[in-house]
Engineer: 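I'd like to ask you about the structure that follows.
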Amino acid sequence: MPNLTSALLYPALVPFEASNVSVGRGTEQPFQRIGAPWLRADTLARLLEDLTLTGVRFRAERFTPDQPGDNKYPGRNIPGIRLEVTDRERVQPARIGAALLWALNRVHGDSLRLTLPGFDLRMGSARVREALLAGRDPDAVLDRLLPQVVAFEKDARRYHLYR
């Protein structure tokens, strides 16, 4: 990870390593952008901006991966979306990742390719992927999981080394 912003956004973008979408490997800002030759960046950025996710903005841009470790689109100038963190304390990577999958499928369902089960392992659940690809609202999908997340966090506290 080259910086804190990449580390912060990593959980949102890492599922897309199991797809035909670049996550910016081979650039100075990996895990701060996504892209592919078929991406309609302006349309996708507007759709993501309309979701008004907290702590992040989406901007259309082009980028060129240089010797990317994932070998996605090396040396090609591709359209993409840059994720700009506006408030580090309010960023919600899980919501960003869910919104990205939902929006990519909505705009590029014919071009987006996911590699299963790798995508599901990184996303955390096949059910989440299935719901988002079915067009369900990303916030509603994640809000349904909230009780399970709270229960896990409560149970995991006893294993924390630092309190």
Side-chain angles (χ1 to χ4, degrees), residues 1-25 29-36 39-60 70 80-163:
M1 292 288 134
N3 56 49
L4 181 60
T5 303
S6 288
L8 182 64
L9 294 172
Y10 178 83
L13 273 65
V14 73
F16 295 97
E17 291 205 299
S19 76
N20 60 342
V21 176
S22 169
V23 294
R25 286 189 180 270
Q29 292 137 346
F31 300 102
Q32 295 181 47
R33 53 174 46 127
I34 62 165
L39 197 91
R40 292 193 311 266
D42 289 329
T43 302
L44 192 62
R46 278 192 305 274
L47 182 58
L48 289 163
E49 278 294 302
D50 287 347
L51 294 176
T52 60
L53 295 167
T54 59
V56 68
R57 285 192 309 229
F58 302 91
R59 299 288 179 245
D70 58 8
I81 302 292
R82 182 169 31 98
L83 286 73
E84 295 178 356
V85 173
T86 59
D87 186 342
R88 192 169 79 195
E89 300 300 319
R90 297 183 66 210
V91 167
Q92 298 178 39
R95 291 193 187 275
I96 294 169
L100 284 169
L101 178 58
W102 174 83
L104 279 164
N105 185 62
R106 187 165 176 180
V107 176
H108 297 292
D110 57 336
S111 300
L112 177 64
R113 300 287 176 261
L114 305 177
T115 305
L116 306 179
F119 189 90
D120 293 341
L121 288 171
R122 290 173 177 97
M123 179 63 78
S125 166
R127 288 185 317 199
V128 169
R129 172 187 46 83
E130 291 163 356
L132 295 168
L133 293 179
R136 295 203 181 94
D137 177 77
D139 282 329
V141 170
L142 291 184
D143 288 346
R144 261 197 336 259
L145 296 173
L146 199 54
Q148 293 169 295
V149 171
V150 170
F152 173 81
E153 288 176 345
K154 182 179 177 186
D155 189 48
R157 279 190 203 124
R158 63 185 161 165
Y159 301 106
H160 290 179
L161 294 176
Y162 306 101
R163 299 187 198 281

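All values reported here derive from a predicted model rather than from experimental measurement.
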Engineer: Measure the CG-CG distance between Leu83 and Leu9 for me, rounded to the nearest 0.5 Å.
Structural biologist: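 Leu83 CG to Leu9 CG: 5.5 Å, rounded to 0.5 Å.
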Engineer: Kindly indicate whether the side chain of Leu51, heavy atoms from C-beta on, has any atom under 4.5 Å from the side chain of Trp102.
Structural biologist: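 The answer is yes; the side chains approach within 4.5 Å.
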Engineer: Between Val128 and Asp120, is a side chain to side chain contact (heavy atoms under 4.5 Å, CB included) present by the stated rule, with each step listed?
Structural biologist: CA-CA 8 Å; Val128 169; Asp120 293 341; over 6 Å; no
Engineer: To the nearest 0.5 Å, what is the distance between CZ (Arg129) and CG (Leu114)?
Structural biologist: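 Arg129 atom CZ to Leu114 atom CG measures 7.0 Å (nearest 0.5 Å).
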Engineer: Determine whether Leu44 and Ile34 make a side-chain contact, defined as any pair of heavy atoms from C-beta on separated by less than 4.5 Å.
Structural biologist: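 In short, these two side chains touch, coming nearer than 4.5 Å.
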Engineer: First locate atom CG of Leu133, then atom CZ of Arg106, and finally report the distance between them rounded to the nearest 0.5 Å.
Structural biologist: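 Rounded to the nearest 0.5 Å, the CG-CZ separation comes to 13.5 Å.
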Engineer: For Leu39 versus Gly80, what's the shortest heavy-atom pair and its separation?
Structural biologist: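 Looking at all heavy atoms of both residues, the closest pair is CD2-CA, 3.5 Å.
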Engineer: How about Val56 and Leu48: do any of their side-chain heavy atoms sit closer than 4.5 Å?
Structural biologist: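 SC-SC contact between Val56 and Leu48 ruled out.
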Engineer: Report yes if some heavy atom in the side chain of Gln29 is under 4.5 Å from a heavy atom in the side chain of Thr5; otherwise report no.
Structural biologist: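 Not touching, per the 4.5 Å side-chain cut-off.
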Engineer: What is the minimum heavy-atom distance between Pro138 and Leu132, and which atoms define it?
Structural biologist: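 Closest approach of Pro138 to Leu132: CA-CD2, 3.6 Å.
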Engineer: Distance from Arg122 atom CZ to Leu13 atom CG, nearest 0.5 Å?
Structural biologist: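 That separation rounds to 12.5 Å.
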Engineer: About how many Å separate CD of Gln92 and OG1 of Thr54, when rounded to the nearest 0.5 Å?
Structural biologist: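 One finds 4.0 Å between OG1 of Thr54 and CD of Gln92.
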Engineer: Got a donor-acceptor contact below 3.5 angstrom from the Thr115 side chain to the Gly118 backbone?
Structural biologist: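 No, the answer is negative, given that no donor and acceptor are paired below the 3.5 Å cut-off.
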Engineer: So Glu49 and Thr52, do their side chains get closer than 4.5 Å, heavy atoms only?
Structural biologist: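 Not in contact.
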Engineer: Determine the minimum heavy-atom distance between Asp42 and Ala60, stating which atoms define it.
Structural biologist: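 Nearest heavy atoms, Asp42 then Ala60: OD1-CB, 3.2 Å.
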Engineer: Whether the side chain of His108 engages the backbone of Arg40 through a donor-acceptor N/O pair (distance < 3.5 Å, no angle test) should be reported.
Structural biologist: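 Confirmed, His108 side chain pairs with Arg40 backbone.
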Engineer: Apply side chain to side chain contact (heavy atoms under 4.5 Å, CB included) to Thr86 and list each qualifying residue two or more places apart in sequence or on a separate chain.
Structural biologist: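 So Thr86 forms a side chain to side chain contact (heavy atoms under 4.5 Å, CB included) with Arg57.
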Engineer: To the nearest 0.5 Å, what is the distance between OG on Ser22 and CZ on Arg33?
Structural biologist: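 Here the interatomic distance stands at 8.5 Å.
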Engineer: Quick one: does any side-chain atom of Asn20 pair with a main-chain N or O of Arg113 as donor and acceptor, under 3.5 Å?
Structural biologist: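 Yes, the answer is positive, given that a donor and an acceptor are paired below the 3.5 Å cut-off.
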Engineer: Please tabulate, for side-chain N and O atoms in residues 141-149, each donor-acceptor pair with protein atoms closer than 3.5 Å (sequence neighbours left out).
Structural biologist:
from	atom 1	to	atom 2	distance (Å)
Asp143	OD1	Arg95	NH1	3.3
Asp143	OD1	Arg95	NH2	2.5

Engineer: Do Val85 and Leu8 touch side chain to side chain, with heavy atoms closer than 4.5 Å?
Structural biologist: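 Result yes, sub-4.5 Å side-chain heavy-atom pair found.
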Engineer: One thing to verify: whether Glu17 and Arg25 come together as a salt bridge, which I'm taking to mean a side-chain N less than 4.0 angstrom from a carboxylate O.
Structural biologist: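 Answer for the salt bridge query: yes.
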Engineer: Are any of the side-chain heavy atoms of Pro93 and Val91 separated by less than 4.5 Å?
Structural biologist: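 When only atoms from C-beta onward are counted, Val91 and Pro93 do touch, with a gap below 4.5 Å.
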Engineer: Not counting sequence neighbours, list each pair that qualifies as a ring pair (Phe, Tyr, Trp, His ring centres under 6.0 Å) and has a residue in residues 113-153.
Structural biologist: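 Only Phe16-Phe119 qualify under ring pair (Phe, Tyr, Trp, His ring centres under 6.0 Å).
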Engineer: Any donor-acceptor pair under 3.5 Å linking the side-chain atoms of Gln32 with those of Ser6?
Structural biologist: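 Gln32 and Ser6 do have a side-chain donor-acceptor pair below 3.5 Å.
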Engineer: Phe31 versus Met1: any side-chain heavy-atom pair under 4.5 Å?
Structural biologist: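 The answer is yes; the side chains approach within 4.5 Å.
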